[in-house]
Amino acid sequence: MNQTTASVASLTVHEHIALIRLTNPPVNALSAAVRQGLLVAIQQAHADPRVHAVVITGSGHNFIAGADIREFGLPPQEPSLPDLCETIEASPQLVIAAIHGAALGGGLEMALSAHYRIASENAKLGLPEVTLGLLPGAGGTQRTPRLIGAEAALDLMLSGRQIGTKEALRMGLIDHVATSDDIAVEGIAYARSLLGDGAAVRRTSELTQALSDRAAQQAAINTARTGAQKKRGLLSPLKIIDCVQAALDLPFAQGLAIERDLFTQCLNSPQRTGLVHAFFAEREVAKAPETQTSQPRPFQHVGVIGGGTMGAGIAVSLLDAGLVVTMIERDDAALDLGRSRVVKVYDGQIKKGRMTEAGQSAVLARFHGSTTYDALVDADIVIEAVFEDMNVKKAVFAELDRVCKKGAVLATNTSYLNINEIARSVSRPGDVVGLHFFSPANIMKLLEIVVPEHVSADVVATGFALAKRLKKVPVRAGVCDGFIGNRILAVYRQAADHMVEDGASPYEIDQMARDFGYPMGPYEMSDLAGGDIGWATRKRRAATRDPRARYVHIADQLCERGWFGQKTGRGWYLYPEGSRTGQRDPEVEALVAQERAKAGVTPRHFTPEQLQRRYLAAMVNEGAKVVAEGIALRPLDVDVTLVHGYGFPRHRGGPMKYADMVGLPHILADIQTFAKEDPLFWQPAPLLIKLVAEGQTFDSLNKQ
Ligand code: 3H9
């Protein structure tokens with residue numbers, strides 16, 4: 001065996017077969033150094049007369065996770081990935097990609113430019129560029145349809161989903177499945193068998209079969225276009241479809257040129273900036289200080305107090321993660337109801353064909369219910385999800401203090417209440433933490449991990465470990481009224497209410513939010529969640545509200561009429577006969593007009609842009625206060641919270657990233673203008689003033 005080793009791309013020759021192994025931990029991203037190393041290795045293999053076939057593989061846990069996302073926006077360096085893929089495909093020697101772990105984005109594109117592909121059973125293949133605001137830009141939009149047809153290619157590129165080996169084989173994305181875990185050995189053996197069979201070089205760019213039924217391909221493209229147009233202004237899905245159209249209509253080289261042009265457009269778009277920010281921010285939030293200094297406590301059995309919507313959702317989330325769950329309710333009737341809420345979720349999955357009845361039974365075998373706290377004596381973590389009332393919570397915690405074993409983590413799912421006070425009420429405040437789930441808890445990704453003053457670091461680390469197990473996005477939050485998310489929501493919702501009283505209709509505000517990229521506006525959201533929830537909070541806060549602060553009574557007026565939203569058939573909107581889509585309600589409009597008159601307001605017109613600027617400025621300003629007070633560790637923690645818990649459009653990165661992109665001086669200037677009308681509400685955050693004075697961005701604080 002001959003060996004020449006470069007640090008990122010090693011080349012070894014095994015009797016006529018060259019093995020190139022890429023090493024760029026943690027995921028073998030195709031950085032400039034890797035591309036250069038790979039090019040050199042390929043050229044060496046080409047120049048070596050003994051070599052008849054080349055196997056490319058990755059070291060560590062993955063083949064290649066794609067282009068190096070950290071290089072986007074930096075000056076390009078040679079060789080480019082598309083050129084490298086062309087070199088691989090043009091090779092006169094057989095090239096085989098031997099895939100294990102992730103082959104994503106540019107990694108899969110490189111594999112598609114090889115002539116044959118073998119994958120181990122654990123492989124994950126996909127073209128997730130769309131999740132970063134991009135399109136596969138190394139020939140992927142041209143080679144994938146030529147290999148597997150337009151419909152399957154569009155599905156992969158528009159969903160960004162990862163597929164397993166079996167599905168990849170069925171689709172024709174790979175040719176062979178490895179039977180052992182040693183992918184290099186498997187790749188070499190496969191290359192040898194191909195050579196033995198006299199297999200020819202097979203260039204994906206030259207394949208025609210998969211696109212031969214033009215009408216079917218065109219139909220798939222048309223369907224995809226109709227779907228993508230509904231996607232709230234996202235750029236890259238439409239560009240992906242344009243590329244596939246080019247793959248169908250044009251020779252490969254022309255298609256590649258179009259792909260290059262459209263890739264560059266996506267790369268330079270603010271959507272790409274926002275989505276790449278979100279990608280790194282989502283990973284950064286999981287590295288809270290306590291996770292670096294402490295080991296999580298082990299957990300397998302989790303107690304859930306309360307079987308309401310929230311408790312049941314939390315139970316499902318825990319069950320889905322393979323944990324043992326004990327739900328506590330006050331009596332048998334309430335427990336039956338809690339259990340039926342859990343069962344209903346799985347019944348729904350059976351109906352959709354996502355679960356079998358046997359599967360459901362297996363999951364429910366891990367679910368227990370009890371009307372006595374003593375059933376929690378073995379629980380490793382207990383999550384309380386009872387009524388939002390300090391005395392009720394304290395009573396629950398007194399019981400937990402009594403029965404739970406030493407070292408059990410005692411968590412509260414409170415959305416607003418002072419967790420320091422709850423912790424002080426038990427004999428073991430170091431074990432008390434906030435785990436704030438979002439409804440529906442088995443679906444929503446955000447988990448605020450609220451850190452009270454006396455909590456042990458390993459309890460916080462356990463919260464993060466639990467989030468990981470539940471596949472949630474954890475954000476560390478300090479204790480204050482509403483923590484990160486609800487505190488900011490309260491402020492931008494007030495800004496919206498002010499605008500309604502000043503002349504905007506709630507329907508215009510919802511429309512503005514949807515146009516910005518939210519799935520729904522604040523009033524639709526309130527109708528979905530139930531207006532009574534916010535009402536209870538406002539009543540609780542009434543005693544401590546600054547008497548000088550502007551207060552809009554419209555929402556309270558709706559609640560006093562029992563108009564809580566979808567569950568009561570009307571709220572801000574009308575929901576005739578259980579409909580989930582609201583209609584504007586002339587009675588609400590009349591009530592709004594009445595309240596304006598009572599407040600002595602002469603209604604004025606707001607353009608959608610004016611509505612948006614006030615809405616976002618309120619959000620950003622409060623976000624800056626939350627960061628300055630240490631409630632959020634960094635601006636990126638605010639971004640992740642609002643994206644994953646409040647529907648802020650991910651392609652805008654989050655409110656703080658959005659503010660950076662708009663320019664902080666503009667945001668501050670807006671706030672100062674609005675402050676002329678209401679200086680109490682629009683007090684600019686000192687942090688915002690400071691950053692503007694220093695010519696800095698919020699992002700500068702993410703990097704400290
Ligand atoms: C592309 O390919 C464009 C081309 O079409 C065209 C070019 C012309 N680059 O997620 P993890 C880091 S676009 C740089 O925690 P896991 C990540 O930040 C790319 N860094 O691990 C983290 O760093 P840190 C298309 C990357 O095991 C560490 O690796 N590809 C990249 O849970 C571990 O990541 C994608 O979109 C990257 N490409 O999941 C795939 N990928 O430790 C993106 C990861 O400092 N990646 N990092 O926090 C993933 O989906 C997951 O990382 C993966 C592993 C499934 C691979």
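For the numbers below, each heavy atom of this structure counts, side chains included, while hydrogens, waters and symmetry mates do not. Whatever order the structure lists them in is the order used to number ligands and atoms, beginning at 1.
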Please confirm whether Pro128 comes under 4.0 Å of ligand 1, counting heavy atoms of the residue only. yes
Return a yes/no value for Asn62: is any of its N or O atoms, backbone included, closer than 3.5 angstrom to an N or O of ligand 1? no
Can you find a protein heavy atom under 4.0 Å from atom 32 (O) of ligand 1? no
Classify the contact between Ala67 and ligand 1 as side chain, backbone, both or neither, using a heavy-atom distance cut-off of under 4.0 Å. both
Atoms of ligand 1 under 4.0 Å from any heavy atom of Phe72, numbered from 1 in the order shown, are 13 (S)
For ligand 1, find out whether one of its N or O atoms is nearer than 3.5 Å to an N or O atom of Gly137. yes
Please list all pairs meeting side-chain hydrogen bond (donor to acceptor under 3.5 Å, both in side chains) that have one or both residues in residues 261-272, counting only residues at least two apart or in different chains. Lys239-Gln265
Do we see a donor-acceptor contact under 3.5 Å between the side chains of Glu186 and Ser180? yes
Answer yes or no for atom 48 (O) of ligand 1: protein heavy atom present at a distance under 4.0 Å? yes
Check this for me - ligand 1, Leu104, N or O atoms closer than 3.5 angstrom, yes or no? no
Report the C-alpha distance between Leu318 and Leu466 in whole Å, list the side-chain angles of each, state the deciding distance to 0.1 Å, and finish with yes or no for side-chain contact (heavy atoms from CB on, under 4.5 Å). CA-CA 9 Å; Leu318 296 163; Leu466 180 70; 4.0 Å; yes
Near Phe263, which atoms of ligand 1 are under 4.0 Å from a heavy atom of that residue? 6 (C), 7 (C), 8 (C)
With a cut-off of 4.0 Å, which atoms of ligand 1 are near a heavy atom of Pro136? 5 (O)
Tyr190: partners by ring-ring contact (aromatic ring centres under 6.0 Å, His included), with sequence neighbours left out: His176
Taking Arg143 as the fixed residue, which of Glu89, Glu259, Glu206, Glu109 is the one that meets the salt bridge (charged side-chain N to carboxylate O under 4.0 Å, His left out) rule? Glu89
For ligand 1, does Leu127 get within less than 4.0 Å through its side chain, its backbone, both, or neither, judged by non-hydrogen atoms? neither
To check your reading of the model: name the closest protein heavy atom to atom 9 (N) of ligand 1, its residue, and the distance in Å. Ile69 N, 2.9 Å
Note: Lys445-Glu282 ion pair, threshold 4.0 Å (strictly below): no
Under a 4.0 Å heavy-atom limit, does Lys287 contact ligand 1 with its side chain, its backbone, both, or neither? side chain
Distance under 4.0 Å to a non-hydrogen atom of Leu132: what atoms of ligand 1 satisfy this? 13 (S), 19 (C), 36 (O)
Which part of Pro26 is near ligand 1, with near meaning a heavy atom under 4.0 Å away: side chain, backbone, both or neither? side chain
What do you reckon, does Arg283 have a nitrogen or oxygen under 3.5 Å from a nitrogen or oxygen of ligand 1? yes
Considering non-hydrogen atoms of the protein only, which is the closest contact for atom 14 (C) of ligand 1, and what is the distance? Asp68 OD1, 3.3 Å
Under 4.0 Å from a heavy atom of Phe280: give me the atoms of ligand 1 that qualify, with their elements. 18 (O)
State plainly whether the residues Lys657 and Asp660 are in salt-bridge range, i.e. N to O under 4.0 Å. no
One residue to check: Phe63. Relative to ligand 1, which of side chain, backbone, both or neither has a non-hydrogen atom less than 4.0 Å away? neither
Would a search of protein heavy atoms around atom 27 (O) of ligand 1 find one under 4.0 Å away? no
Any side-chain heavy-atom pair of Val409 and Phe299 under 4.5 Å: no
Is Glu129 close to ligand 1, meaning an N/O of one under 3.5 Å from an N/O of the other? yes
I want to confirm something. Looking only at heavy atoms, which of Ala65, Gly105, Ala29 is nearest to atom 35 (C) of ligand 1? Ala65
Side chain or backbone of Glu109 under 4.0 Å from ligand 1, or both, or neither, by non-hydrogen atoms? side chain
Between Arg634 and Asp639, is there a salt bridge with N-O shorter than 4.0 Å? no
Under the salt bridge (charged side-chain N to carboxylate O under 4.0 Å, His left out) rule, what do Asp320 and Arg366 come out as? Steps first, then yes or no, please. CA-CA 10 Å; Asp320 286 347; Arg366 286 186 277 105; over 6 Å; no
Is there at least one protein heavy-atom neighbour under 4.0 Å from atom 41 (N) of ligand 1? yes
Considering only heavy atoms of Arg70, which atoms of ligand 1 have at least one such atom less than 4.0 Å away? 18 (O), 23 (O), 45 (O)
Under a 3.5 Å threshold, yes or no: a donor from one side chain and an acceptor from the other, between Glu78 and Gln36? no
Pick one of side chain, backbone, both or neither for how Val27 approaches ligand 1, counting any non-hydrogen atom pair under 4.0 Å. side chain
Show the atoms of ligand 1 that are less than 4.0 angstrom away from any heavy atom in Phe279. 18 (O), 43 (C), 46 (N)
Is there a side-chain contact between Ser31 and Asn24, using heavy atoms and a 4.5 Å cut-off? yes
Heavy-atom contacts with Gly106 under 4.0 Å: which atoms of ligand 1 show up? List them by number with element. 1 (C), 2 (O), 4 (C), 5 (O)
